[in-house]
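Position 1 is the first residue of the sequence, and the numbers go up from there.
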Amino acid sequence: MPDVLVLVDHDGERVHQSTYELLAAARRLGDPVAVLVGTPGTATRLKDSLARHGATGVHVAESPQAVEFVGSPTVDALYLAVRTVGPAAVLVSATTDGKEVAGRLAARLDTGLLIDAVDLEPSGEVTQLAFGGSYTVRSEVTHGIPVIAVRPGSFEPEEHPVPAVEYELPVPPIDPAASARVTARRAPLAGARPALTEASVVVSGGRGVAGADGFKVVEELADALGGAVGASRAAVDAGYYPHQYQVGQTGKSVSPQLYIALGISGAIQHLAGMQTSKTIVAVNKDPEAPVFGVSDYGVVGDLFSVAPQLTREVAARRGGS
Ligand code: FAD
């Protein structure tokens, strides 16, 4: 079986769920081999969980520069790993950072790039979302080693324990003059809720929520379901909710089991970030709202009446109040 390189998404302490999804996807094409870029000591913490999810090898590039420069250490490490391994494909998560890395790597390798993949065939054929998710197309790279950015949520993570061999990637130091340097970091606002791109339930609010206070209704429903909170750009631009929670073309792409849209009209740029969700529920007082066109279930009504009823019902069925 050929090797398939998987770029590991992590926060230094924990491998992100999207990586386990990539490892499961990679098994369709060959033997998954992880590429881990981080500060010294990262591999010691993360290697076992990668092996438990099927990584037969872990190529490790550790350096203090890994978090000092934007993208470049990762692109350098992946490039070196490709040259070392000669893989059948390279898989990265289709996050904002992942897409940048994928594009830069494909340019450096002079090879084909497929973005927003949602399925992979053993033949190498890829199902891809195009034009913000309005079309599903089948594509294949015909030139060089395919670099494929896979949408988080497209594959089920699977435990598949194997012994993983660790290899050191001797990545050369970054040229500061040719790379963007990180000058400051601010921790994302985090709470007890799951991360937006990893949650199996997302409840999002739009302009219809009508203010920052209105988001309490959205949060309460998300909490009853154990889900994450998202927002439309109109809600974010109006200051109702922080930008890190924006879903859509210029926000995060999500693909949960359940997506609930409260007071969101369903503009194409919002749909681009959520229409691959497995089940979509919309609450909108306008029966003509385009969001109903992509919804599995729609409620025409006032979200301030419908959402609290839903929250109470969910809590009651889960044994709450
Ligand atoms: P609106 O379109 O104003 O819809 C509000 C809805 O709430 C209406 O349908 C209304 O009927 C309903 N409503 C009002 N009150 C209630 C109530 N009490 N109960 C129930 N329903 C109610 N948008 C994104 O979301 N994400 C993006 O990433 C994004 N990127 C963009 C990129 C570009 C280049 C551009 C040009 C636009 C982008 N947009 C994005 C903006 C997008 O075009 C829309 O403007 C935006 O999604 C609208 O947000 P909304 O649905 O919350 O607001």
Side-chain angles (χ1 to χ4, degrees), residues 95-96 132-133 152-153 186-277 279-318 320-321:
T95 57
T96 309
R186 214 170 43 197
L189 298 173
R193 296 190 186 104
L196 188 52
T197 50
E198 296 187 8
S200 56
V201 177
V202 174
V203 183
S204 287
R207 203 196 310 262
V209 172
D213 292 345
F215 258 83
K216 197 158 173 286
V217 171
V218 183
E219 291 181 331
E220 282 170 353
L221 181 53
D223 291 342
L225 290 162
V229 174
S232 73
R233 176 157 151 185
V236 167
D237 286 351
Y240 301 170
Y241 221 62
H243 175 257
Q244 72 187 65
Y245 298 102
Q246 183 182 316
V247 172
Q249 185 184 315
T250 43
K252 301 232 164 60
S253 295
V254 300
S255 208
Q257 294 296 322
L258 173 62
Y259 187 90
I260 302 181
L262 301 175
I264 293 177
S265 60
I268 184 81
Q269 296 89 353
H270 187 80
L271 302 186
M274 47 61 79
Q275 65 182 346
T276 53
S277 305
T279 301
I280 298 173
V281 177
V283 180
N284 197 303
K285 63 183 185 186
D286 174 8
E288 303 295 326
V291 71
F292 289 129
V294 299
S295 302
D296 299 285
Y297 301 95
V299 181
V300 178
D302 186 334
L303 72 92
F304 292 104
S305 159
V306 177
Q309 290 181 57
L310 203 47
T311 304
R312 277 196 298 278
E313 188 64 27
V314 171
R317 288 185 185 218
R318 290 192 156 193
S321 57

Heavy-atom pair with the smallest gap, counting every atom of [X] and [Y]:
X	Y	value
Arg207	Tyr240	O-CE1, 3.7 Å
Ile280	Val294	CD1-O, 3.5 Å
Leu303	Gly208	CD2-O, 3.6 Å
Ala231	Phe215	CB-CZ, 3.9 Å
Ala282	Val291	CB-CG1, 3.7 Å
Val300	Lys285	CG1-O, 3.8 Å

Is there a side-chain contact between Arg233 and His243 (heavy atoms, below 4.5 Å)? no

Out of Thr311, Val229, Val283, which residue meets the side chain to side chain contact (heavy atoms under 4.5 Å, CB included) rule with Leu221? Thr311

Quick one: [atom1] on [X] to [atom2] on [Y], what's the gap to the nearest 0.5 Å?
X	Y	atom1	atom2	result
Ser232	Tyr245	OG	OH	15.5 Å
Met274	Ile260	CE	CD1	11.0 Å
Gln269	Gln246	CD	CD	10.0 Å
Arg186	Gln244	CZ	CD	9.0 Å

Verify side-chain hydrogen bond (donor to acceptor under 3.5 Å, both in side chains) between Ser277 and Ser255, making sure each step is shown before the conclusion. CA-CA 4 Å; Ser277 305; Ser255 208; 5.4 Å; no

Going through the checks in order, is the side-chain hydrogen bond (donor to acceptor under 3.5 Å, both in side chains) test met by Tyr259 and Ser204? CA-CA 8 Å; Tyr259 187 90; Ser204 287; 2.7 Å; yes

